[in-house]
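Here is how names work: the chains are called A, B, and so on, in the same order as the sequence lines, proteins then strands, and each is numbered from 1.
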Number of protein chains: 2
Amino acid sequence: MAKILPAAPFEGANENLSATTAPQDVSREDAATFDVLRKMREDILCCVLKPDQKLKFGELRQRYDTSVGTLREALSHLVSEGLARTEAGRGFQVSPISLADFLDLSELRVYLETKTLADAIRHGTDAWEAEIVSSYFLLSKLGAPKQDDSLSVKQEWGKRHKRYHDALVATCRSPWSLHYRSELFDQARRYHWLTMIHSRLHRRNEHLEIRDAVLARDSDLACSLLEQHIRTTVEQAVADVPGLIRGNARVLKPGKRRKS
Amino acid sequence: MAKILPAAPFEGANENLSATTAPQDVSREDAATFDVLRKMREDILCCVLKPDQKLKFGELRQRYDTSVGTLREALSHLVSEGLARTEAGRGFQVSPISLADFLDLSELRVYLETKTLADAIRHGTDAWEAEIVSSYFLLSKLGAPKQDDSLSVKQEWGKRHKRYHDALVATCRSPWSLHYRSELFDQARRYHWLTMIHSRLHRRNEHLEIRDAVLARDSDLACSLLEQHIRTTVEQAVADVPGLIRGNARVLKPGKRRKS
DNA sequence: CGGTTCAATATTTTCGAAAGTTTCGAAAAT
DNA sequence: ATTTTCGAAACTTTCGAAAATATTGAACCG
């Protein structure tokens, strides 16, 4: 009974899904707090709230039309996710970005994304395939956004891009891997946003290639393509976003201030 | 300039530590909120606040002597870390535990711990070695706690155990890996606590073996020992904690209630 | 002229009460 | 006997004001 683990990957009781303790992936939560949290996260991911920007309660309060306590709760969440920072008595600010961070982030993503993808393929179902087809369709219909596309178009593409990548790994059996994968994916979105703005490189239709490899259940090929997909994005950012290389990139008009 | 990543682990600008964006590992933060957060986390990790337990504001308010808003902020953090859950309008509760979760958790830990350890060994310094020696000394001085040791002894052992394991990987260069490793380590502490309570199995002095392998800079051996260390702990929990196997383990006297 | 002190201002942090939900149990209806 | 309805109690959520802390800028010495 105790001989479940002969120094090999854990196998026991994988069916017992009774209680997945991994952190609640942003789904339903408190009504108002969650709403503010979601909006703020989206704003940080899209660099509407810029890296390093000070997050003052006065401004936030009027921007999101809510109270200090609610804001504080949402900010607290963002700190845990790594999208904001806070210090003793001097409030909150958007987390900085840097090349070093993007590289570190991406390396871990390569491992987690491929691990979750391999497991998802292993346990794929019809519904899983259907969602991949569907989400890919929606993604391809929009096409990669260009520098002068509107904010809302870019945001919509971001949503569909995330939905597609989530769909790929949806049947992975490891809640913890899925959770961290998702957090890292969001982190990467901040950098992707900068890349979109400066986008110059031509890229193959990597999402299509991945989709087909996954649907063919070719795990090795799919993982390899996904790995390349992540690495190419890093290359593109390094090539296209000049600010990233020399430490703190301050993008999107550094001095712009909203009147309080 | 763009040819930094030939489909191999990222190498570029590893020196640029200007801005490590990975979430702030619990260090300094707000004064009061952080204090409450730390106490609550410790209580959950030690199962003083039991798995699945409802976290009512009335009780918490008097237990930690603070206001609702502060509690809410701390609870918010705990939810992000996976130690608590929350639902729409019905408050917070301690995250459940289960065998499936422990297995999942542990498998990811094996990867992250070995990855960070290998990197830490690669970049080890004198100060790093010194802290390993020192923290191991403190850990060994206490000896593995037994079932009838007092709560404070067990807690002290938990602190030293964490300090030792943190010391091993301290020089790892990947902030994100370190962050997730730390979160998973804390998660595992909840299960270790149960194992301590029921402890029956005899174990070799694994911490000493790991220490020596690490100090000898034998990366392969150290990682292998660390992997075994984690797996053995899982085996021990499976063998010793009967409740874990059949879904939700409710430990530490299920009916006990504190008077409000 | 550069640096320090101190008061005024701006901002954050904490708190308790009001408003809004959910839960529970008793009474009414099927 | 079982289900439904309703209202009271318990609890959660939200809010704005009071307290605490940090920042700014002007006046003051070395």
Using a heavy-atom cut-off of 4.0 Å across all strands, would you classify A/L75 as base, sugar-phosphate, or nothing? nothing
Hits for salt bridge (Lys or Arg N to Asp or Glu O under 4.0 Å) against B/R109, two or more places apart or cross-chain, chain-then-number order -> B/E113
Sequence neighbours excluded, which residues qualify as side chain to side chain contact (heavy atoms under 4.5 Å, CB included) partners of B/Q53? B/L49, B/K50, B/V94
Think B/T70 has a side-chain N or O under 4.0 angstrom from the OP1 or OP2 of C/dC15? yes
Taking side chain to side chain contact (heavy atoms under 4.5 Å, CB included) as the definition, give me every residue that meets it alongside B/A170, ordered by chain and number, with sequence neighbours left out. B/W128
Could you tell me whether B/L55 contacts a base, only the sugar-phosphate backbone, or nothing, with contacts defined as non-hydrogen atoms closer than 4.0 Å? sugar-phosphate
Salt bridge (charged side-chain N to carboxylate O under 4.0 Å, His left out): pairs with one or both residues in residues 147-158 of chain B, sequence neighbours excluded: B/E156-B/R160
State whether A/K54 places a side-chain N or O below 4.0 Å from either non-bridging phosphate oxygen (OP1 or OP2) of D/dA22. no
Roughly, in whole Å, what's the span from CD in A/E87 to P in C/dT12? 13 Å
Partners of B/S80 by side chain to side chain contact (heavy atoms under 4.5 Å, CB included), sequence neighbours excluded? A/H77, A/S80
dist B/C46:SG -> B/W193:CH2 (nearest 0.5 Å) comes out at 4.0 Å
For A/Y164, what residues pass the side chain to side chain donor-acceptor pair (under 3.5 Å) criterion, not counting sequence neighbours? none
Could you list the protein-to-nucleotides 16-23 of chain C atom pairs, N/O on both sides, closer than 3.5 Å?
residue, atom, partner, partner atom, Å
C/dG16, OP2, B/R61, NH2, 3.2

Residues in side chain to side chain contact (heavy atoms under 4.5 Å, CB included) with A/T66, at least two apart? A/V36, A/Y64, A/T70, A/L71
Value in whole Å for how far the P atom of D/dT13 lies from CZ of A/F34: 14 Å
Run the salt-bridge test on B/R163 and B/D166 with the 4.0 Å N-O cut-off and return the result as yes or no. no
Please report, rounded to the nearest Å, how far the C1' atom of C/dT11 is from the CD atom of A/Q93. 15 Å
Return the value, rounded to whole Å, for the distance between atom CD of B/E73 and atom P of C/dT13. 8 Å
What stems show up for DNA chain C when you take Watson-Crick pairs (N1-N3 plus N6-O4 or O6-N4) and G-U wobbles (N1-O2, O6-N3), both under 3.5 Å, and require three or more consecutive pairs? C:1-30 with D:1-30
Nearest-nucleotide 5' precedence on DNA chain D, B/F57 against A/D65: B/F57
Measure the distance from CZ on B/R72 to P on C/dC15 and round it to the nearest whole Å. 16 Å
